[in-house]
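In what follows, every chain begins at residue 1, and chains take the letters A, B, ... in the order their sequences are listed.
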Amino acid sequence: MSRPEDLAPPEIFYNDSEANKYTGSTRVQHIQAKMTLRALELLNLQPCSFVLDVGCGSGLSGEILTQEGDHVWCGLDISPSMLATGLDRELEGDLMLQDMGTGVPFRAGSFDAAISISAIQWLCNADTSYNDPKQRMMRFFNTLYAALKKGGKFVAQFYPKNDIQVDDILQSAKVAGFSGGLVVDDPESKKNKKYYLVLSSGAPPLGEEQVNLDGVTMDEENIKQTRQLRQRLKNGKDKESAKTFILRKKELMKRRGRKVAKDSKFTGRKRRHRF
Amino acid sequence: MKFLTTNFLKCPVKACDTSNDNFPLQFDGGKCQLVQDESIEFNPEFMLNIIDRVDWAALLKVAGELGSVTLPSKKPTFPCSVPELTEVGMAVLNDLHVMLLQTSITEGEMKCRNCGHIYYIKNGIPNLLLPPHLV
């Protein structure tokens with residue numbers, strides 16, 4: 001599928017018809033809701049917080065912020081059509097027309113937390129001759145860091161195009177002073193793989209919770225091992241047998257959530273000659 | 001835009017970051033339209049959470065520009081949790097809720113005191129996009 005980021009700048013891509021299609025689609029609503037709930041789970045917020053929603057669009061994520069834990073939120077988005085769609089949906093939060101690349105326009109220590117669903121990958125694009133993605137990213141993270149209170153948290157789900165974009169975003173966040181990293185959900189699945197940037201600005205004040213990383217495996221070691229294995233196979237040093245190949249692929253498919261036939265003593269065996 | 005948001009919003013222009021005049025933005029009382037939305041429920045927990053962060057001087061300034069003078073000149077103090085609130089405290093908090101959360105600015109304009117750029121508010125949505133020369 002083509003990436004909207006490659007087609008047009010966000011304020012042009014999300015025009016009236018696209019905004020209606022996006023907001024009206026139950027599939028999109030379902031996915032957005034799922035991701036917002038997951039982001040909230042990672043944020044581990046106290047109820048009744050003041051939250052910033054970066055790239056709020058028509059408020060699909062904002063609605064959930066209001067429902068789950070009575071948060072009061074402020075949303076920024078660059079697309080007028082998306083905001084107009086949001087106006088019709090009677091949201092409780094505030095909407096603002098603003099480009100995140102020019103900075104988050106709030107004074108220091110305004111928000112308890114910030115959330116962003118499917119938006120910050122747009123920062124990696126240069127839409128005009130005077131836009132420099134690196135600078136825009138730095139400006140965004142610097143101003144966001146300032147706008148969050150001490151120990152404030154930021155969780156952003158995004159769709160990176162490649163590893164370079166992931167590195168750029170992580171790098172800028174680090175330079176701005178954030179600590180944290182990347183959480184990848186469903187890492188084995190190509191379709192359901194989701195990237196969450198989980199950041200916090202300094203240690204939380206006494207009596208407040210840190211980000212919730214339950215169920216997240218820190219698998220640096222694991223990734224290294226598979227990489228080594230792949231390298232070895234590529235070099236042809238270890239030839240793997242047909243049976244181990246099948247078992248390895250079955251294991252992979254199982255982890256991706258596919259239906260896989262049970263392993264038995266016949267797995268990977270040749271059929272007997274009929275004649 | 002809620003009245004509460006005016007207490008946090010500053011001028012997004014980068015050159016104004018170093019100035020002390022970029023917050024709060026100056027509202028033009030004559031051109032601003034205020035609307036009460038009574039459907040927003042009173043949430044004492046949130047009010048207690050946010051009241052620490054409210055810049056009272058800025059709140060008085062903006063309220064004056066928008067033609068409201070009912071605020072006390074000093075920030076009222078509250079206990080840190082809801083059960084400790086007295087009845088009087090609850091009433092004051094409710095008044096603040098009506099002012100900060102239920103009141104919103106639907107039409108109008110605001111100006112940065114430093115660079116003088118004017119931001120327009122339409123349908124309750126402020127337009128904070130910057131022209132290329134200010135980015």
remark   = Rounded to the nearest 0.5 Å, the CD1 atom of A:I78 sits from the CG atom of B:L128 at a distance of 11.5 Å

request  = Let me know if B:F23 has heavy atoms under 4.5 Å from chain A in its side chain, its backbone, both or neither.
outcome  = side chain

Chain A contact via B:L4 - side chain, backbone, both or neither, heavy atoms under 4.5 Å = side chain

message = Measuring only between side-chain heavy atoms, which start at C-beta, is B:P132 closer than 4.5 Å to A:T128?
response = no

inquiry  = Taking the side chain as everything from C-beta on, heavy atoms only, tell me whether A:D112 gets closer than 4.5 Å to B:R53.
reply    = yes

inquiry  = Does atom NZ (A:K34) have a neighbourhood of more than 12 heavy atoms from anything else shown, all under 6.0 Å?
reply    = no

request  = Using a cut-off of 6.0 Å, state whether more than 12 heavy atoms not belonging to B:E107 lie near its atom CD.
outcome  = yes

ask   = So, does B:K2 use its side chain to make a donor-acceptor pair with the main chain of A:E92 at under 3.5 Å?
value = yes

remark   = When every non-hydrogen atom of B:T5 is compared with those of A:C74, the smallest separation belongs to CG2-SG, 3.7 Å

task = Go through the atoms of A:F50 and report whether side chain, backbone, both or neither lie under 4.5 Å from a heavy atom of chain B.
result = both

request  = Select one option (side chain, backbone, both, neither) describing which atoms of B:L129 are under 4.5 Å from chain A's heavy atoms.
outcome  = both

note = One option among B:L130, B:N123, B:I40 has the most heavy-atom pairs under 4.5 Å with chain A, and it is B:N123

inquiry  = Tell me which of these, B:N7, B:I50, B:D37, has more heavy-atom pairs under 4.5 Å with chain A than the rest.
reply    = B:N7

note = One option among B:K14, B:E45, B:E41, B:M47 has the most heavy-atom pairs under 4.5 Å with chain A, and it is B:K14

Top of B:V54, B:I125, B:N127 for chain A proximity - count of heavy-atom pairs under 4.5 angstrom = B:I125

message = Do A:R139 and B:D17 have side chains that approach each other closer than 4.5 Å (heavy atoms only, starting at C-beta)?
response = yes

inquiry  = How close do A:S110 and B:F8 get, counting heavy atoms only, and between which atoms?
reply    = OG-CD2, 3.3 Å

request  = Give a yes or no on whether the backbone of A:C48 and the side-chain of B:N49 come within a donor-acceptor separation of less than 3.5 Å.
outcome  = yes

task = Step through the shown structure and confirm whether more than 12 heavy atoms of other residues, nucleotides or ligands are within 6.0 Å of CD1 on A:I164.
result = no

request  = Report yes or no: do A:R107 and B:N22 form a side-chain donor-acceptor pair below 3.5 Å?
outcome  = no

inquiry  = For the CG atom on A:D88, are there more than 12 heavy atoms of other groups (residues, nucleotides or ligands in this structure) within a distance under 6.0 Å?
reply    = yes

request  = Answer with side chain, backbone, both or neither: which region of A:L83 has an atom nearer than 4.5 Å to a non-hydrogen atom of chain B?
outcome  = both

